[in-house]
Amino acid sequence: MSTVIPIDEFVNDPGYPGFEPRFFDSPWIAEPVSKFRAEDVERFWFLDFHWPNGTTPLGMCFFEDGYAYGTQLSATTLPLPPSNGLAVRFGGTHVFGGESPLKSAWEPGFRGLRIGNELGGILGDFNTIWARREAELTAGFEHFKTFDTSAASLPELARFAADARAFQKFAWCVHFGLMYPLLANYAGFYGLCSELKIAPGEIAKFLQGEKTKIVETDIALWELAHAARELGVQAHVAGSPAQMRAAMESAGPNGGAWLAKYRAFLDRWGWRTAGIADPREKPWIEDEQPVVGLLETFLQKDDAHDFDGGLSAAAAERDEAVANACAKLSTAEREAFGQALASCRQANFSWWNEDHNVVIDMQATIPLRLAALAIAEKAGADDREDGCFLFHTELVELARGDTSWAALKPVVKDRRAYYEHWYDRRKAMPKVVGTVPDAVSDPILIEIVGLHKHFLDAQKHGGAAEELRGIPASKGEVTGSARVMHNADELHLLKPGEILVCEGTAPSWTPAFTKIGGCVCDNGGTLTHASIVSREYGLPCVVGTGIATSAISTGDQVTVNGTEGVVRIRKAA
């Protein structure tokens, strides 16, 4: 008998105050974004860990243009045989995703032929294709980054807001347009490895050991921490950014020299957010507290993280894993394995999944935030953040003069209250709702979201509080004190050596991996962010446990066995 988790609460919830159907009028491919409907209980939906805070009204346009349209466009044009991409439902402010199923029996076979014809061209020229898209994204972002919103009129800002949304849509269509081919290629390689009796925990190792732009950011952060020690001003890296600046300015020439390095860091790396595709997320250039907090905790460690050593170790482990696998294969099997591996290295998902984050996940929504803040301020809002509580249609109408701030102010107040209500509800929300299947077919849901057997079984049956099982994402074993976190805003609270326990990580969590002892996630597969970074940094990691954040509390002693995919828990007294 199927396990069914009710959705009545979400069906009966009215959604954001003042919502009108015209606010969701963007084109769609397979099915539009919507709130839950009663019949959705017959389908399977997962609570997406990428948005642990929920989403604002302005943020909802991403789910129309990127999450739904982007995946559906890519899945139907590549095409990807198992599904039509992702569907989106909202439970309050929180995002539930699910497969958009094929509707015709003839499609799988037809798509199988097409993907065979299309995939080789994309994969064979992948690095060139990505370099071109990356250059386009960088040039586009530079326009928004340098646009003087303070000098622009409201009509000019209306154009800016429309352009910002178009840029976000373009970025995420690039994202999913490349992600699906890479995942399809990896899925084929994974299937071959399974036929060759290669252990699942070994397969992802074959692609590790590549330097990414995310790692470059971490290196630059650690260089700042090292510079503070060298200049003897490390004690001043504490408190708020204003307090830190004041302390450095009073520390004489050495403090001034360090601040110059700090400003250069922000100019180069500050245009990134903690969360992804959320206009309420402040980039580091606007809110420096995450940077100061990370530097402060880095300085609590006696030694800096050895990035070169870690990268070399990951590459050595990769080469050893490949050699061990080949040693057990026949000549014909080794040839097939080598060809498939070469294809996956040529178009390396593990590398690209981290590298693209800099120009898409952590950056592409910043222009929309800039538009929202500027329009709200010029229209007379007391708080510029109020612009994030307007749907995109309302934001543009406000800038064009089709409505006034006085007319919108009451509903914005109600929406803020609605947002806070659902923000507080997050920790108690079900990880999945609807009819829980035995398996899913979409490769994004399997390898990125982590809807593996372990995860699905945990939702159906729960799990013993003393032991959890998941996907062995990165080998090794470590015991430490758990720190349960629900969003990246809390990263500065992590102490060196603690075990990070969370729903799942995103690119902005990466600096924490240079100070934690291990990682455990509710969600995730072998190609999710936490898995990739843990392998690169040599940390034990288990993902896809399903219930880690509810079974583990901060302060519990946790043993993470990333080789076997087992997490053992000893509750704090």
Side-chain angles (χ1 to χ4, degrees), residues 10 45-56 59 90-97 272-282 287 289-290 293-294 297 361-362 388 416 418-433 448-450 455 458-459 463 465 468 470 473 480-495 498-513 515-524 528-531 533-534 541-556 558 560 567 569 571-572:
F10 307 134
W45 307 92
F46 63 92
L47 181 65
D48 199 310
F49 66 88
H50 290 97
W51 291 273
N53 298 331
T55 186
T56 59
F90 289 106
T93 64
H94 295 288
V95 181
F96 284 86
R272 56 176 277 173
T273 55
I276 67 173
D278 182 353
R280 206 181 183 199
E281 291 282 349
K282 299 176 182 178
D287 179 12
Q289 188 61 62
L294 286 167
T297 53
D361 296 50
M362 298 186 299
C388 297
R416 279 183 171 273
Y418 181 82
Y419 177 90
E420 293 299 329
H421 167 75
W422 282 100
Y423 177 89
D424 292 339
R425 290 286 316 282
R426 177 70 180 209
K427 296 177 185 178
M429 290 182 71
K431 303 295 183 187
V432 300
V433 295
I448 305 300
V449 179
F455 180 91
Q459 307 314 310
L468 305 176
S481 180
R483 174 76 64 170
V484 181
M485 293 191 160
H486 292 275
N487 59 63
D489 297 338
E490 305 167 323
L491 287 181
H492 62 282
L493 300 175
L494 272 167
K495 299 294 189 294
E498 288 185 326
I499 307 299
L500 171 61
V501 180
C502 56
E503 291 184 37
T505 65
S508 55
W509 297 63
T510 305
F513 283 74
K515 60 180 179 175
I516 60 176
C519 182
V520 181
C521 299
D522 290 338
N523 295 82
T528 199
H529 174 265
S531 302
V533 177
S534 292
C541 178
V542 177
V543 299
T545 63
I547 56 173
T549 54
S550 56
I552 301 171
S553 301
T554 295
D556 290 349
V558 175
V560 183
V567 180
I569 308 162
K571 303 300 289 185

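Everything numeric in this text was worked out from a predicted model, so none of it was measured. Index from 1, following the sequence.
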Between [atom1] of [X] and [atom2] of [Y], what distance do you get to the nearest 0.5 Å?
X: I516; Y: M485; atom1: CD1; atom2: CE; result: 9.5 Å
X: H486; Y: D522; atom1: NE2; atom2: CG; result: 8.5 Å
X: H529; Y: S534; atom1: NE2; atom2: OG; result: 9.0 Å
X: S550; Y: L468; atom1: OG; atom2: CG; result: 8.0 Å

Would the distance check show the side chain of [X] and the main-chain N or O of [Y] forming a donor-acceptor pair, the cut-off being under 3.5 Å?
X: T56; Y: C388; value: yes
X: D48; Y: V95; value: no
X: T297; Y: K495; value: no
X: T505; Y: A530; value: yes

Exercise. Decide side-chain contact (heavy atoms from CB on, under 4.5 Å) for V567 and I499; before the verdict, give the C-alpha distance in whole Å, the side-chain angles of both, and the deciding distance to 0.1 Å.
Key: CA-CA 11 Å; V567 180; I499 307 299; over 6 Å; no
Shortest non-hydrogen separation from [X] to [Y] and the atoms involved:
X: V520; Y: A548; result: CG1-CB, 3.7 Å
X: A482; Y: V501; result: CB-CG2, 4.1 Å
X: V484; Y: S553; result: CG2-C, 3.8 Å
X: L491; Y: K515; result: O-NZ, 3.3 Å
X: G555; Y: A572; result: O-CB, 3.6 Å

Quiz prompt | side-chain contact (heavy atoms from CB on, under 4.5 Å) assessment of C521 paired with F49 | solution = CA-CA 10 Å; C521 299; F49 66 88; over 6 Å; no
Does the side chain of [X] reach to within under 4.5 Å of the side chain of [Y], using non-hydrogen atoms?
X: K571; Y: D556; answer: yes
X: T554; Y: E498; answer: no
X: F90; Y: T55; answer: yes
X: K431; Y: F455; answer: yes
X: W509; Y: L500; answer: yes
X: I276; Y: E281; answer: no
X: T528; Y: N523; answer: no

Quiz prompt | For E503, the option from K427, R426, H50 that meets side chain to side chain donor-acceptor pair (under 3.5 Å) | solution = R426
Quiz item: Between W422 and H94, how do the two ring planes meet: parallel, tilted or perpendicular, split at 30° and 60°?
Solution: perpendicular
Self-check item: Pair F10 + F96: ring centers closer than 6.0 Å
Solution: yes
Quiz item: Can you check side-chain contact (heavy atoms from CB on, under 4.5 Å) on T273 and D278, steps first, answer last?
Solution: CA-CA 9 Å; T273 55; D278 182 353; over 6 Å; no
Quiz item: Does the side chain of T93 come under 3.5 Å of the side chain of H421 through a donor N or O and an acceptor N or O?
Solution: no
Exercise. Take N487 and Y423 through the side-chain contact (heavy atoms from CB on, under 4.5 Å) test and state the conclusion after the steps.
Key: CA-CA 11 Å; N487 59 63; Y423 177 89; 3.6 Å; yes
